[in-house]
Q: 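To start, I am sharing the structure in question, which I have written as structure tokens.
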Amino acid sequence: MINEPETHEIKTLLSQMSLEEKIGQLQMVDASGDSIPDWLEEAVRSGRVGGVINQVDPALSARLQDIARDSRLGVPLLSARDVIHGFKTVYPIPLGQAATWNPDLVKQAARASAAEAAAHGVNWTFSPMLDVSRDPRWGRIAESFGEDTYLTSQMGVAMVDGYQGDDLADPTSIAACVKHFAGYGAAEGGRDYSAANIPDNELRNVYLPPFWNAIKAGAASLMPSFSDVDGLPATANDTLMLEILRGYWEFEGLVVSDWDAIAELTVHGLAGTYQEAALLAAKCRVDMEMSSTAYADHLQGLVSSGAVSEAEVDRLTSAVLRMKQRLGLLDGRASRPAKPDPLQADLDLAQTIARESIVLLQNTGNVLPLQRSALRSIAVVGPLADAPHDQMGTWVFDGDAARSKTPLAALNEAGDDTVDIHFASALETSRDRSHTGFSAALDAANASDVIVAFLGEESILSGEAHSRADITLPGAQLALLKALKATGKPVVTVILAGRPLALKDVLAESDAVLFAWHGGSMAGPAIVDLLLGAASPSGRLPTTFPRSVGQVPIYYNHKRSGRPTDGEHAGEMVLIDDIDPGAPQTSLGMTAFYLDEGDKPLFPFGYGLTYSQIHYDAPDLHQAALTPDGTLTASARVRNVGDHAVTETVQLYICDQVGSLTRPVRELKGFERVALAPGEEKTVSFTLSIADLSFSRRDKSWGAEPGWFTLWIAPDAQSGAPTAFELREG
Ligand code: GLC
């Protein structure tokens, strides 16, 4: 919502409001519970509440709106909920949705989620989360779309479009809220809520663009992050909130604080009192306060003292009223009755998006897909084989575990009476360190033709405030996997988790590995579709998978440094176990790598296997140069040389070889999902313009710089034959 003019209706309403009623509109209150307490009814009726959060009982939600309409001016309430990846029907975590590289599917899931939530009285969600996330230790990487600015932008716009639909006043639409502005994903050490010390050029080129793209797409609201960004928590960071958001970007949508974030300015140590906190946030045009009451308690006094003008309060209140107007609330938007049970269409969509999110990491000996005709029995083992709650993942306040279909249930359904399913969870939870359940698992394994182990993380190990310093499989899961492998049976490992894990040892103990994220309600059927070959895996990693946590942060679009391992300083990389005794100081090469882990991750951004083999020809440039007002087309032929029909995600990367700032070694600038039958070939083309090459330059202006660019059309961020083109002056 850029530069939205004030409407006559808003001006009229404002003119009728007392200062107290204006300040009342700025307060968001937690209304969770199975009844409406007297204090809340009184606060709403007296016009001291502008919005509520966490009330999703349709009757209670409607009751709260009725009470608001009984207030002196009858202004309805914003009613918010964190609808992050579904409501009662749960879709994969956003990180998994990003792994589909299918924005249209993400949009469909957001649309279905909005309709379900709106039927429960919700008209505002705090989603999509657009924090570029490069640290798998951070629990909230689950809510992100991963490490890349371009992919995050594409997915963020899709989710905004899905939630908001064509008309925000439509009873099935809910307002989106892009968050957490900005840089929350750079929390130091991957520890949630920690400072995000981001250099300004990195902030402008990596972390800000997804927010700008979502705002251009019409996002109705925005939430500043808790983060201390270079000494200024975002809630009171005038560079972010005023110079960039309200100034440069001209955003006139609603800005809502995060939970207690205004009061927490006193904890950060930026404000000495709640009154100072209210002043700082109001001056940064944070329109609405969530949960804490610094505005309710101190804004009136700040106006009386002249520290804040009533006109400044009017501007905050107008933003709230404008959002209510866009939602049709001021015109009596009709509410919709809750759907009594899940639409089958929603469950089908949940299965499709979960299936497309799953990434095939390894398939030694083509053990997948399982050949049903040759199978008499399958051992289904592990703590996540039958975990209806955990497979939904984090941020599922309304997720209905009764709707979950687990991998075990799906295999039992799919395995007709010709295939015996032997199940043993072996561990109580993903954290269980006990080996007492191993014998039952080994019995199941020895009685079966193949072992499918469902391992990973419970949902509670993922999400807000749930960072992990060790990103290997928790508990005794690896020991279990080793014991299963020792039986000599083929082992298929399926990982359900909310973050990239360090899987080196898991790969060594498995023949095939599928990474299924926390896949939501229909994770089970989605996984079984792939295990039994109903479809080929098509997911691609939206984040780099490190070899070990010691490599973190490690991501594909890094800077080259002056001594890259593939540059003129490259030498044969000698790793720690191969160093000669007494090796002289400079004998190991002078480049950017780890003696004990090398310079490459376990799997790069964009990586994913299919059940077939896809050959890429080198890119063909239809012209050798790009001019500022022109376009450049790059094509590549891709061929399916295997025997399975697949969907291949063809990726376009560039590298700006020389710039006024150093530039990343690669940047994703396009992707296309291409269906390929066995033997089929297609030519995939991408068109670049100067806008695709633009960045925040050394002088902070946004634009491209003439010079040479490397280009790849590839299956991931580490592959592909390079070519080059020149951006000319004119
Ligand atoms: C939380 C989160 C934010 C969420 C809000 C409301 O602390 O940081 O993402 O939307 O509170 O639940």
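Whatever order the structure lists them in is the order used to number ligands and atoms, beginning at 1.
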Q: Considering only NZ, NE, NH1 and NH2 on the basic side and carboxylate oxygens on the acidic side, decide whether D398 and R81 come within less than 4.0 Å.
A: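 Looking at D398 and R81, the cut-off is met.
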
Q: Among residues two or more places apart or on two chains, list those pairs meeting salt bridge (charged side-chain N to carboxylate O under 4.0 Å, His left out) that have a residue in residues 261-280.
A: none

Q: Does a side chain donor of either D346 or T89 reach within less than 3.5 Å of an acceptor in the other side chain?
A: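 Not at all, the side chains of D346 and T89 share no donor-acceptor pair under 3.5 Å.
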
Q: Tabulate distances under 3.5 Å between N/O atoms of ligand 1 and N/O atoms of the protein, writing both atom names on each line.
A:
unit_1, atom_1, unit_2, atom_2, d
ligand 1, 7 (O), E464, OE1, 3.2
ligand 1, 7 (O), E464, OE2, 3.0
ligand 1, 8 (O), R140, NH1, 2.8
ligand 1, 8 (O), D258, OD1, 3.3
ligand 1, 8 (O), D258, OD2, 2.7
ligand 1, 9 (O), R140, NH2, 2.8
ligand 1, 9 (O), K179, NZ, 2.8
ligand 1, 9 (O), H180, NE2, 2.6
ligand 1, 10 (O), D82, OD1, 2.5
ligand 1, 10 (O), K179, NZ, 3.0
ligand 1, 11 (O), D258, OD1, 3.1
ligand 1, 12 (O), D82, OD2, 2.5

Q: Do NZ/NE/NH1/NH2 and the carboxylate oxygens of R322 and D287 come within less than 4.0 Å?
A: no

Q: Applying salt bridge (charged side-chain N to carboxylate O under 4.0 Å, His left out), which residue pairs with at least one partner in residues 130-158 are found, sequence neighbours left out?
A: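 Output for this query lists R134-E202, D135-R137, R140-E143, R140-E464.
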
Q: Quick one: side chains of residues 236-243, donor-acceptor pairs under 3.5 Å with protein atoms, not counting sequence neighbours, listed by atom name and distance.
A:
unit_1, atom_1, unit_2, atom_2, d
N237, OD1, T239, N, 3.2
N237, OD1, L240, N, 3.1
N237, ND2, L232, O, 3.2

